[in-house]
Number of protein chains: 2
Amino acid sequence: MFQEKVPMARQIATKSVVDAVTDDVRARILSGSLTSAAAVTELEIATAYEVARPTAKAAIEKLVGENLLVRGSHKSARVAELGPDAVRDIYQARAYLESGILRRLAASHTVPEAAVAANAEILAVTGAGDLALVEPDLRFHTALVAAVGNERIARMYGSLAGEVRLCMTRVQSLHLLDSAAIHAEHRQILDHLAAGDAEAAASALDSHLATARERLAEALAA
Amino acid sequence: MFQEKVPMARQIATKSVVDAVTDDVRARILSGSLTSAAAVTELEIATAYEVARPTAKAAIEKLVGENLLVRGSHKSARVAELGPDAVRDIYQARAYLESGILRRLAASHTVPEAAVAANAEILAVTGAGDLALVEPDLRFHTALVAAVGNERIARMYGSLAGEVRLCMTRVQSLHLLDSAAIHAEHRQILDHLAAGDAEAAASALDSHLATARERLAEALAA
DNA sequence: TTGAGTATACTTGTCAGACAAACCAGTCCA
DNA sequence: TGGACTGGTTTGTCTGACAAGTATACTCAA
């Protein structure tokens with residue numbers, strides 16, 4: 001293999017035009033700059049980025065595949081709008097995935113280093129922007145998922161995380177999330193992991209997600 | 001809404017050309033007609049179905065999004081080949097998803113009707129082709145997942161099911177799967193569900209998947 | 001004034017053709 | 001024998017175009 005001859009090749013990345021457009025549009029969606037109020041047409045994207053329409057089309061279809069955009073046949077795409085039921089669906093799926101993972105991590109007394117670091121960041125950004133909280137929070141949970149080393153589960157969680165971030169930014173999450181409380185709940189989960197108490201870790205996660213879910217759902221219902 | 005005026009509108013489906021090509025290629029992949037031995041080029045698909053190259057390209061990229069095809073930049077696509085490690089990864093992910101689901105179903109003593117029907121079919125096709133067994137087997141598990149009514153979990157499981165079917169057909173599964181044993185193990189799971197015994201159901205599923213996983217992994221290693 | 005039907009504009013679906021860039025394999029030369 | 005070059009193959013992207021579907025606006029009649 002090539003990697004054996006050059007153990008530490010510098011990683012460079014060349015993005016195709018479609019990928020570049022996709023990434024930027026996705027960032028705009030996740031940041032809340034693009035809402036479900038206005039339609040996202042292929043021509044808009046094409047002119048905005050000065051690319052051909054097929055390129056814009058490919059980018060839109062990629063995002064549709066990620067469930068960030070929705071569109072029907074012969075209709076322009078819109079940002080997927082997440083109602084209370086969708087939020088409950090997403091958080092229920094999260095709970096399924098993460099509770100199983102915590103059970104496994106607890107069995108081997110594994111406390112992922114990356115999760116600890118992400119949790120520390122939550123306190124660090126206290127008082128900063130409201131949206132600054134979302135990133136480390138998601139990174140904490142993603143680190144837990146990544147710790148089991150299962151590629152497909154990580155992929156699945158990634159697709160969920162996109163939708164989670166989407167609805168977190170839609171509700172501007174100003175007063176929904178208290179950084180100190182989140183940090184404490186995360187800390188509790190990590191402690192249970194260190195102690196190897198699977199059930200305690202799972203139930204702590206359940207309540208952690210349940211409160212977030214209900215607050216989000218209520219905010220979206222209004 | 002339109003649906004309130006016409007309560008039972010006939011469901012008709014118009015597939016786009018891209019979707020039609022995608023579906024057919026996917027079927028060829030899952031049936032084993034397309035293997036990872038030969039590359040799948042855009043021009044091949046385009047000429048085979050008498051469509052333009054962009055159409056073929058879109059179909060290929062959809063299947064790449066489903067993880068049935070893989071391809072790097074400027075390289076032709078190939079059917080994803082699943083080694084022993086990939087099989088273990090997939091089955092571990094399945095076990096995560098399904099065990100959590102069984103716990104929930106057992107808590108409400110739910111025995112999905114569709115799962116019972118699918119399990120009956122497994123006995124019905126005994127002695128028929130080897131591949132005939134795969135369909136009802138997957139349908140049994142899919143029915144369990146669908147019973148919880150979570151859209152995102154069902155979606156995730158669907159993407160896994162594609163890969164499962166892929167490696168099941170790659171190993172021609174002649175002597176790997178004994179229909180009577182499978183039926184019995186499924187039956188046991190359903191019984192545990194009816195009794196509301198979550199742990200027993202989950203552990204029965206675990207061993208059910210573990211045997212299938214190891215046999216598949218061994219066969220692929222050879 | 002209101003309703004229905006038509007007409008028009010907008011958007012997407014698909015195609016053809018083209019060129020550049022990247023990859024691959026085979027060949028040639030030192 | 002090893003490296004560089006060169007050709008063919010494949011993909012990435014673009015331009016331009018037309019057909020088909022959707023939604024909106026407009027007109028005309030009741």
Side-chain angles (χ1 to χ4, degrees), chain A residues 1-6 9-25 34-81, chain B residues 1-3 5-6 9-25 34-66 68-81:
Chain A
M1 291 292 290
F2 179 71
Q3 296 179 338
E4 295 176 4
K5 293 162 102 175
V6 184
R10 305 289 290 184
Q11 283 289 3
I12 60 176
T14 118
K15 268 195 296 195
S16 80
V17 177
V18 174
D19 287 343
V21 172
T22 305
D23 289 349
D24 198 79
V25 175
L34 241 58
T35 68
S36 62
V40 179
T41 72
E42 298 180 355
L43 201 61
E44 264 178 29
I45 301 294
T47 56
Y49 294 94
E50 291 184 350
V51 296
R53 192 164 69 89
T55 305
K57 181 191 187 65
I60 288 177
E61 273 164 4
K62 267 198 166 189
L63 293 172
V64 169
E66 294 178 19
N67 299 307
L68 290 179
L69 293 177
V70 291
R71 87 158 147 183
S73 193
H74 288 279
K75 279 190 279 192
S76 41
R78 303 190 97 86
V79 176
E81 70 175 300
Chain B
M1 292 291 290
F2 179 71
Q3 296 178 340
K5 294 161 101 177
V6 183
R10 306 288 290 184
Q11 282 288 4
I12 61 177
T14 110
K15 269 196 295 196
S16 80
V17 177
V18 174
D19 286 344
V21 172
T22 305
D23 289 350
D24 198 78
V25 175
L34 241 57
T35 69
S36 62
V40 180
T41 73
E42 299 179 355
L43 202 60
E44 266 179 27
I45 300 294
T47 56
Y49 293 95
E50 291 185 347
V51 296
R53 191 162 71 88
T55 306
K57 181 190 189 63
I60 288 176
E61 272 164 4
K62 268 198 164 187
L63 293 172
V64 169
E66 295 178 18
L68 290 179
L69 293 178
V70 291
R71 89 159 146 181
S73 193
H74 288 279
K75 280 191 280 192
S76 42
R78 302 190 97 86
V79 175
E81 72 174 301

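In the text below, chain A, chain B and the rest are named by the order of the sequence lines, each starting its count at 1. Scope of the values below: all heavy atoms of this structure, side chains included, with no hydrogens, waters or symmetry mates.
- A distance of 8.5 Å separates CG in A:Leu63 from CG in A:Asp23, rounded to the nearest 0.5 Å.
- Looking only at side-chain heavy atoms (C-beta outward), B:Val40 and B:Arg71 stay at 4.5 Å or farther from each other.
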If the sugar-phosphate is the primed atoms plus P, OP1 and OP2 and the base is the rest, what is the B/S/- string for nucleotides 6-14 of chain D, using protein heavy atoms under 4.0 Å?
----SBBBS
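- In terms of the salt bridge (Lys or Arg N to Asp or Glu O under 4.0 Å) criterion, residue partners of B:Glu66 (sequence neighbours excluded) are, by chain and number, B:Arg26.
- Residue A:Ile60 forms a side-chain contact (heavy atoms from CB on, under 4.5 Å) with just one option from A:Ile45, A:Thr41, A:Val25, and that option is A:Ile45.
- A:Ala38 pairs by the side chain to side chain contact (heavy atoms under 4.5 Å, CB included) definition with nothing, not counting sequence neighbours.
- In this structure A:Ala39 satisfies the side chain to side chain contact (heavy atoms under 4.5 Å, CB included) test together with A:Ser76, A:Arg78, sequence neighbours excluded.
- Nearest heavy-atom pair across A:Ala80 and A:Asn67 is CB-O, 3.8 Å.
- Shortest non-hydrogen contact noted between B:Val79 and B:Leu34 is CG2-O, 3.6 Å.
- Listed by first and then second residue, the salt bridge (Lys or Arg N to Asp or Glu O under 4.0 Å) pairs that reach into residues 44-54 of chain A are A:Glu42-A:Arg53, sequence neighbours excluded.
- Applying the side chain to side chain contact (heavy atoms under 4.5 Å, CB included) test to A:Val17 and every residue at least two apart in sequence or in another chain returns A:Val21, A:Val51, A:Thr55.
- Running 5' to 3' along DNA chain C, contacts with non-hydrogen atoms of chain A at under 4.0 Å begin and end at C:dT11 to C:dT14.
- Direction of the helix axis in the helix from C:dT1-D:dA30 to C:dA30-D:dT1 shifts by 10° between the two five-pair termini, rounded to 10°.
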